[in-house]
S.K.: 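Take this structure, written in structure tokens, and hold onto it; I'll ask about it next.
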Amino acid sequence: MKILVFGGAGFIGHHLVNKLQQTHDVCVYDNFSIFGVKHEIQKQKIISARTKNWINVDTVNGSVVENSLIQHTLHKFEPDVIVNLAAYPRVSLSEKYPVLSAEGMIQGLINTMNYPVKKYVHVSSSNVYGNYQNDADESSVCAPINLYGSLKLSQEHLIKSHAKNKGFSYNILRPICVFGNNDIGDRLVPKFIKHAINNEEIFYSQDTTTDITYIDDMVQALQLAIESKIQNETFNVSSEHTLTLKQLAELIIDHYNSKSKIIPVSREKYFPNRGSLEISKIKSLLNYERKYDLSKALDNLDPTSIH
């Protein structure tokens, strides 16, 4: 198949492209900007690390708000499947840059949907649920408490509306706390890892729980969503294991034999308190099989790849 990946040079995107290129023709559309990283040399280092394994991958350097370039790319490449990973990648950045975040995630999404592909695969977020307890499933009430989650939920509504009106086939994934190699060091798990390796203090939000998703499991879920005949479904992706942020920090400290001290702080009001997502649907419909818990993920991760 011919697969066009919007945001293919991002954290999740480049891992997906590394996998898809083995059996598909892949085109990456990305602005090759690392959100939150200001130093140009550091940006280029991250981009080089993410793209070094690409072989015969077409690339287009552009923003998802550049509709004319998107339409040119779509008609030139003629994809069978579109994967949309383009977004401000962190809750805090959406809060800091609300207008840019909304423009990219709403106008950008609309720009990517105006082509008759066989399937459109979109990556949403567990943030659409807001605060929730363990075992939230895809039918649970969505009540986002931050801009990022609200925009992700709006994207889902737009995709479903377009599907209903245009005969558009889609699959939507809702992952939680994805991490792995070539990640950015200011996100939750990478941040804890960097501090632990350097024996620095780890600040964690007290009375806060989460779940995690290792990048290889996320890529597996995406590949199944792309290649399966199943369509017009929404799927959670998680490790099925709730842990407090204190426990997360302690496990990481223990794994790296760190001397870091952990210090409780108050949770930012726009960060939800999340439990474990229920993933029986993706298991039954896509034959997804989670392979990584936190311990195995840390064994597999190269901490020096975290930027």
Side-chain angles (χ1 to χ4, degrees), residues 5 7-23 26 28 30 32-55 57 59 83 85 89-90 93 123 173 175-204 210-223 237-241 243 245 247-260 262 288-307:
V5 184
F11 165 56
I12 295 175
H14 86 279
H15 283 283
L16 177 65
V17 171
N18 286 346
K19 183 70 173 179
L20 292 179
Q21 68 175 348
Q22 299 174 21
T23 51
V26 180
V28 168
D30 200 295
F32 294 89
S33 176
I34 310 299
F35 296 115
V37 178
K38 296 181 179 180
H39 199 286
E40 192 61 34
I41 294 177
Q42 180 69 359
K43 284 184 181 181
Q44 293 306 315
K45 180 180 178 181
I46 295 170
I47 291 169
S48 295
R50 289 180 174 179
T51 60
K52 67 179 181 180
N53 293 320
W54 291 0
I55 302 172
V57 173
T59 61
V83 180
L85 282 153
R90 296 187 285 291
L93 285 177
V123 177
L173 299 183
I176 180 171
C177 200
V178 185
F179 72 100
N181 291 335
N182 293 322
D183 206 344
I184 301 298
D186 67 347
R187 301 199 311 121
L188 180 63
V189 177
K191 180 166 59 178
F192 282 12
I193 291 172
K194 285 191 72 174
H195 286 301
I197 290 172
N198 295 322
N199 296 310
E200 298 170 347
E201 294 176 334
I202 295 177
F203 297 89
Y204 72 93
T210 190
D211 193 358
I212 56 97
T213 308
Y214 187 58
I215 186 62
D216 288 13
D217 283 334
M218 183 62 196
V219 168
Q220 178 202 169
L222 275 164
Q223 188 170 14
V237 187
S238 85
S239 73
E240 302 178 283
H241 180 68
L243 68 169
L245 296 198
Q247 289 172 326
L248 176 63
E250 289 170 341
L251 288 167
I252 289 173
I253 288 171
D254 181 65
H255 182 86
Y256 292 107
N257 296 314
S258 172
K259 298 179 181 178
S260 293
I262 56 175
Y288 170 81
E289 182 180 354
R290 179 185 62 81
K291 297 179 180 178
Y292 291 88
D293 58 13
L294 180 62
S295 177
K296 187 176 180 181
L298 291 174
D299 286 339
N300 200 56
L301 184 143
D302 175 9
T304 64
S305 73
I306 296 173
H307 303 283

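What's counted below: heavy atoms across the whole structure, side chains too, no hydrogens, waters or symmetry copies.
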S.K.: Any donor-acceptor pair under 3.5 Å linking the side chain of Thr213 with the backbone of Val237?
M.R.: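 Yes, the answer is positive, given that a donor and an acceptor are paired below the 3.5 Å cut-off.
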S.K.: For Ile262, does its backbone N or O pair with a side-chain atom of Glu250 as donor and acceptor, under 3.5 Å?
M.R.: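 Pair absent, no side-chain N/O of Glu250 close to backbone of Ile262.
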S.K.: Please name the pair of heavy atoms, one in Pro190 and one in Gly185, separated by the smallest distance, quoted to 0.1 Å.
M.R.: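 Residues Pro190 and Gly185, closest heavy atoms: CB-CA, 4.0 Å.
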S.K.: Output, in order, the C-alpha distance, side-chain angles, deciding distance and verdict of side chain to side chain contact (heavy atoms under 4.5 Å, CB included) for Asn182 and Ile215.
M.R.: CA-CA 10 Å; Asn182 293 322; Ile215 186 62; over 6 Å; no
S.K.: Asn181 and Asp302: which non-hydrogen atoms are nearest, and at how many Å?
M.R.: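 Result for this residue pair: OD1-N, 2.7 Å.
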S.K.: Please find the pair of heavy atoms, one from Ser260 and one from His195, that lie closest to each other, and give the distance.
M.R.: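 Heavy-atom minimum between the residues: OG-O, 3.1 Å.
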S.K.: Can you classify the ring geometry of His15 versus Phe11 as parallel (below 30°), tilted (30 to 60°) or perpendicular (above 60°)?
M.R.: perpendicular
S.K.: Considering non-hydrogen atoms only, spot the tightest contact between Asp217 and Lys291 and give its length.
M.R.: OD1-N, 3.0 Å
S.K.: Measuring from Ile47:CD1 to Asp30:CG, what's the distance to the nearest 0.5 Å?
M.R.: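 Ile47 atom CD1 to Asp30 atom CG measures 8.0 Å (nearest 0.5 Å).
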S.K.: Look up atom CZ in Arg290 and atom CG in Asp216, then write down how far apart they are to the nearest 0.5 Å.
M.R.: 13.0 Å
S.K.: Exactly one of Leu85, Val83, Val219, Val26 should register a side chain to side chain contact (heavy atoms under 4.5 Å, CB included) with Val17. Which one does?
M.R.: Val26
S.K.: Report the C-alpha distance between Met218 and Leu173 in whole Å, list the side-chain angles of each, state the deciding distance to 0.1 Å, and finish with yes or no for side chain to side chain contact (heavy atoms under 4.5 Å, CB included).
M.R.: CA-CA 9 Å; Met218 183 62 196; Leu173 299 183; 4.0 Å; yes
S.K.: So do the side chains of Leu222 and Ile12 get within less than 4.5 Å of each other, counting heavy atoms only?
M.R.: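 A side-chain contact under 4.5 Å exists here.
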S.K.: Could you walk me through whether Asp293 and His241 pass the side chain to side chain donor-acceptor pair (under 3.5 Å) check?
M.R.: CA-CA 8 Å; Asp293 58 13; His241 180 68; over 6 Å; no
S.K.: Which distance, rounded to the nearest 0.5 Å, do you find between the OG of Ser295 and the CD1 of Ile252?
M.R.: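 Interatomic distance, Ser295 OG to Ile252 CD1, rounded to 0.5 Å: 11.5 Å.
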S.K.: Could you tell me if the side chain of Val57 sits less than 4.5 Å from the side chain of Leu20, heavy atoms only?
M.R.: no
S.K.: Check Gln21 against Ile55 and note the closest heavy-atom contact, atom names and distance.
M.R.: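 Smallest heavy-atom distance, with atoms named: OE1-N, 2.8 Å.
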S.K.: Take Ile197 and Ile306, measure what side chain to side chain contact (heavy atoms under 4.5 Å, CB included) needs, and give me the verdict at the end.
M.R.: CA-CA 11 Å; Ile197 290 172; Ile306 296 173; over 6 Å; no
S.K.: Look at the side chain of Gln220 and the backbone N and O of Glu289, then say whether any donor-acceptor pair between them is shorter than 3.5 Å.
M.R.: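 At least one qualifying donor-acceptor pair exists.
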S.K.: Could you list the residues that satisfy salt bridge (charged side-chain N to carboxylate O under 4.0 Å, His left out) with Asp183, not counting sequence neighbours?
M.R.: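 Counting only residues at least two positions away or on another chain, Asp183 forms a salt bridge (charged side-chain N to carboxylate O under 4.0 Å, His left out) with Arg187.
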S.K.: Say you draw a straight line from CZ of Phe32 to OG1 of Thr59; how long is it, rounded to the nearest 0.5 Å?
M.R.: 5.0 Å
S.K.: Are the side chains of Pro175 and Val123 in contact, using a 4.5 Å heavy-atom criterion?
M.R.: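 SC-SC contact between Val123 and Pro175 confirmed.
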S.K.: Could you tell me which residues satisfy ring pair (Phe, Tyr, Trp, His ring centres under 6.0 Å) with Tyr214, sequence neighbours excluded, listed by chain and number?
M.R.: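 In terms of ring pair (Phe, Tyr, Trp, His ring centres under 6.0 Å), with neighbours along the sequence ignored, Tyr214 is linked to Phe179, Tyr292.
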S.K.: Is Asn199 reaching over with its side chain to a backbone N or O of Ser258, donor-acceptor style, under 3.5 angstrom?
M.R.: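 No: the side chain of Asn199 does not pair with the backbone of Ser258.
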S.K.: Report the distance from atom CG of Leu294 to atom CG of Leu243, rounding to the nearest 0.5 Å.
M.R.: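 It is 6.5 Å, given to the nearest 0.5 Å.
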S.K.: In sequence, state the C-alpha distance, the side-chain angles, and the governing distance for Leu248 and Tyr204, and then conclude on side chain to side chain contact (heavy atoms under 4.5 Å, CB included).
M.R.: CA-CA 9 Å; Leu248 176 63; Tyr204 72 93; over 6 Å; no
S.K.: Could you grab the distance from atom CD1 of Ile202 to atom CD of Glu200, nearest 0.5 Å is fine?
M.R.: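 Between atom CD1 of Ile202 and atom CD of Glu200 there are 9.0 Å.
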S.K.: Of all the heavy-atom pairs spanning Cys177 and Val189, show the shortest one and how long it is.
M.R.: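 The pair with the smallest heavy-atom distance is SG-CG2, 3.9 Å.
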